[in-house]
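Below you'll find the structure, written out as C-alpha cells, and then a few comments.
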Amino acid sequence: MAPAPADVGQAYWRSPNRTDAVLPALTPETIGPEEFRLLADNIPTLCWIARGDGYITWYNRRWHEYCGTTPDAMEGWGWQSVHDPEELPRVLDHWRSSIATGEPFELVFPLRGADGRFRPFLTRIVPLRDATGQVVRWFGKNSEISEHIRTEAALRDTEARYRVLTEAMPQMVWSTLPDGYHDYYNAQWYAFTGVPAGSTDGEAWNGMFHPDDQERAWERWRHCLATGEPYEIEYRLRHHSGEYRWTLGRALPVRDSAGRIIRWIGTCTDIHHAKLVAEQNEVLSRELSHRIKNIFAVINGLIRLSARREPAARDFARDLGTRVAALGRAHDFARPHSEESKPVVGETTLQGMLRELFAPYPAFAEGRIAITGDDVPTDDHGATTIALIFHELATNAAKYGALAVEDGRVTIACARAGSDADSLLVTWRESGGPPIEAEPSQLGFGTQLAAMSIEQQHGGSIRRHWHREGLEVQILLRPSRLVRPVATGA
C-alpha cells in the first residue's frame, strides 16, 4: 500500500489513481465486477462492507490511505482504534442499536488520520436484506466534512454579528427572501409597531401602512423585485399608539458571485418629525415668497402712479416697471423650492432661462451681458439650482465685479465638452471691471452652496479663476440632469 499523503485530511481522496490492467472500452455491456471493484477503491470517500452482525470484512483503498491502516488490523471491530476514545462509546451505542433494529445509521464523529489528527466525518450506513427481510450486509461510507463545519461556523458567526448589529441599530431593520417574502424583523420594528412577533411575516407588512399609501408601496416593491433596483419610498407606518407616522423605507438586494439576488435587506426610518418641520418650513417659505412678490407688486404700483403724475418720466417708469416685474419672475427661479412650490417651467432651454434671470439687470438690456454657444433643454428639475448659481454670480458682479462699472461686460459661453454628449461647459467671464488684486481668502455661503448644488445634484463641477482682468468661472454640467428623468416604473 502506498504511504498516506502528507495532508491526509484534505488529500486522501485526491491521490493519483493508477492501474496496470488493460481495461476494455467502457460500455454498459462491459461493466462487471472489475469495474465495480475499481469504483469502490477509487471513489473519493471512505467505504466499507460489514456482515449482518456488524463485523466489517472489507474497506476500500481510500480508508487505508486516510487512516494509515492495514486490512488485517481493521477487520471485524478493529476500526475502533482510529476513533476518538471520548466519542467511541456514543458511536458504539448508535451502531449496536442499528444492528439490533436494522435501521439505517447516520452520525457525525471524528476519525484519526495517518498524520495523527482527528477530523470530522459524516457517516452513513444502510442495510441490505435478503428475501426473508434479514439484514445480510451493511454498506457504510464516511465523508470528511471539515470544510463544511468551518463554513457553517463562519455562517453562524456572521449571522450572530448581523443579528447583534441589527438589534443595536436605532432603525427598524427587516429582510426578505429573493421573492420578497419577509422573514425577519428586528426588535425595533416590533417596538415601533407594537404587533406580535411574526405577525407581519410574508406579505402582512403592507397592512401596517396607511390605506392611502398601500398600493403605491406595493407597486414600488414589486417593481424593485422585478428589476433588482434599490427600493426607496416614503409612507405612513402605523405606530403602536395608533398614529400613522411618516417613515422612509429603503432596501438593497444582496447578490451572490453570479449576480443572483439571494436576499433583500431593508430599513425603516422614522422621519415624522423631520417631515413636519419641512412642511412648516415650506409654509414659512411660501409666505415669505408671497410677501416679497407683494412688495414687487407694490413697487410696480407706485411706479405706475408716479408715472401718471409725471408724464415726462413715463418712458423711464415703464422700463423700471418692466425690470421690477422681471425681478419678481427671477425670484421664483432663485429661491429654494420643495416639490410642491417649484416653478412650473415647462419645456424651455438653459439660455432662455438665463435671459429671464438677467432681464432685471440694466446691463442685460444694454448688451453688456452676452449669452452665446450651444443650448440645451431644461425644466423645473434643474432650473432652480442653475438659477441660484447664476443669480449669485450676477449679484456679486453687480456689487464688486464687471457689472459694478459702466464699461464692464460679462459673457456666458456654452459649449459641448469634447466627445461626451452628456457634457456641457458653461464659462462665465467678466472683463472691464475693477482689477482683481488677489483671490479671496474665503468663499461666501452662496458660493459654497452653488458648488454643492452643481456637484451633488447635477454630477458636474465648478472651477473659479481669479484673473486680474476679471473673474472666470467654468461650470461643467450634465444636460441629462437638467430635465426631469423619464419614469421607468412605479
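Excluded from the calculations below are hydrogen atoms, water molecules and symmetry mates; all remaining heavy atoms, backbone and side chain alike, are included.
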- Task: Kindly give the heavy-atom pair with the smallest separation between Asp179 and Leu225, and that separation in Å.
- Result: O-CD1, 3.5 Å
- Query: Just one of Val473, Ile475, Val426, Leu477 clears the side-chain contact (heavy atoms from CB on, under 4.5 Å) bar with Ile389, so which one?
  - Reply: Ile475
- Task: Please determine if Asp374 and Arg416 form a salt bridge, counting it only when a charged side-chain N lies under 4.0 Å from a carboxylate O.
- Result: no
- Query: Can you check whether Leu122's main-chain N or O pairs, donor with acceptor, with Glu106's side chain at less than 3.5 Å?
  - Reply: no
- Which heavy atom of Ser175 sits nearest a heavy atom of Arg263, and at what distance? OG-NH1, 2.9 Å
- Tell me, yes or no, whether the heavy-atom count around His240 atom NE2, taken from other residues, nucleotides or ligands under 6.0 Å, exceeds 12. yes
- Indicate whether the side chain of Glu203 and that of Tyr181 have a donor and an acceptor atom separated by less than 3.5 Å. no
- Salt bridge between Arg464 and Glu439, side-chain N to carboxylate O under 4.0 Å? no
- Message: Does either side chain, that of Thr70 or that of Asp72, offer a donor lying less than 3.5 Å from an acceptor on the other one?
- Response: no
- Message: Can you confirm whether the side chains of Trp174 and Thr267 place a donor and an acceptor under 3.5 Å from each other?
- Response: no
- Message: Pairing donors with acceptors under 3.5 angstrom, does anything connect the side chains of Asn142 and Trp48?
- Response: yes
- Item | Modelled atom types, side-chain donor and acceptor of His182 and Thr176, under 3.5 Å | no
- Task: Could you check whether the rings of Trp428 and Phe390 sit parallel, tilted or perpendicular, using 30° and 60° as the cut-offs?
- Result: tilted
- When you check the side-chain N and O atoms of Glu144 and Ser146, is any donor under 3.5 Å from an acceptor? yes
- May I ask you to decide if Cys414's main-chain N or O and Asp375's side chain share a donor-acceptor pair within less than 3.5 Å? no
- Task: If the plane angle is over 60° it's perpendicular, under 30° parallel, otherwise tilted; pick one for Phe105 and Phe109.
- Result: perpendicular
- Can you name the nearest heavy-atom pair linking Leu476 to Ser423, along with the distance? CD1-OG, 3.2 Å
- Between His223 and Glu219, is any side-chain donor less than 3.5 angstrom from a side-chain acceptor? no
- Message: Return the OG1 to NE2 distance between Thr427 and His465, rounded to the nearest 0.5 Å.
- Response: 8.5 Å
- Decide if atom CD of Glu86 counts as having more than 12 heavy atoms of other residues, nucleotides or ligands within a radius under 6.0 Å. no
- Inspect the contact between Arg220 and Glu215 and indicate whether a charged nitrogen and a carboxylate oxygen are less than 4.0 angstrom apart. no
- Could you grab the distance from atom OH of Tyr235 to atom CE of Met208, nearest 0.5 Å is fine? 10.5 Å
- Message: Between Arg150 and Glu147, does any NZ, NE, NH1 or NH2 come within less than 4.0 Å of an OD or OE carboxylate oxygen?
- Response: yes
- Message: Do Asp270 and Thr247 pair up side chain to side chain, a donor and an acceptor below 3.5 Å, judged on atom types alone?
- Response: no
- Item | Donor on one side chain, acceptor on other, Ser98 and Glu103, under 3.5 Å | no
- Query: Is it true that Glu87 and Arg90 make a salt bridge, defined as a side-chain N closer than 4.0 Å to a carboxylate O?
  - Reply: yes
- Cys224 to Glu229 - nearest heavy-atom pair and separation: CB-O, 3.4 Å
- Query: Do the side chain of Thr378 and the main chain of Leu482 share a donor and acceptor less than 3.5 angstrom apart?
  - Reply: yes
- Task: Using atom types as modelled and distance alone, determine if a side-chain donor or acceptor of Arg112 lies under 3.5 Å from a backbone N or O of Arg119.
- Result: no
- Identify the heavy atoms of Ala197 and Tyr190 that sit nearest to each other, and give their distance. CA-CE2, 3.3 Å
- Query: Atom CD1 of Ile125 and atom CG of Leu107: how far apart are they, to the nearest 0.5 Å?
  - Reply: 9.0 Å
- Asp213 side chain to Arg236 backbone, donor-acceptor under 3.5 Å: yes
- Between Ser81 and Met74, is a side chain to side chain contact (heavy atoms under 4.5 Å, CB included) present by the stated rule, with each step listed? CA-CA 8 Å; Ser81 64; Met74 290 290 99; 3.4 Å; yes
- Hey, can you tell me if Trp205 and Trp218 have their rings parallel, tilted or perpendicular (30° and 60° cut-offs)? tilted
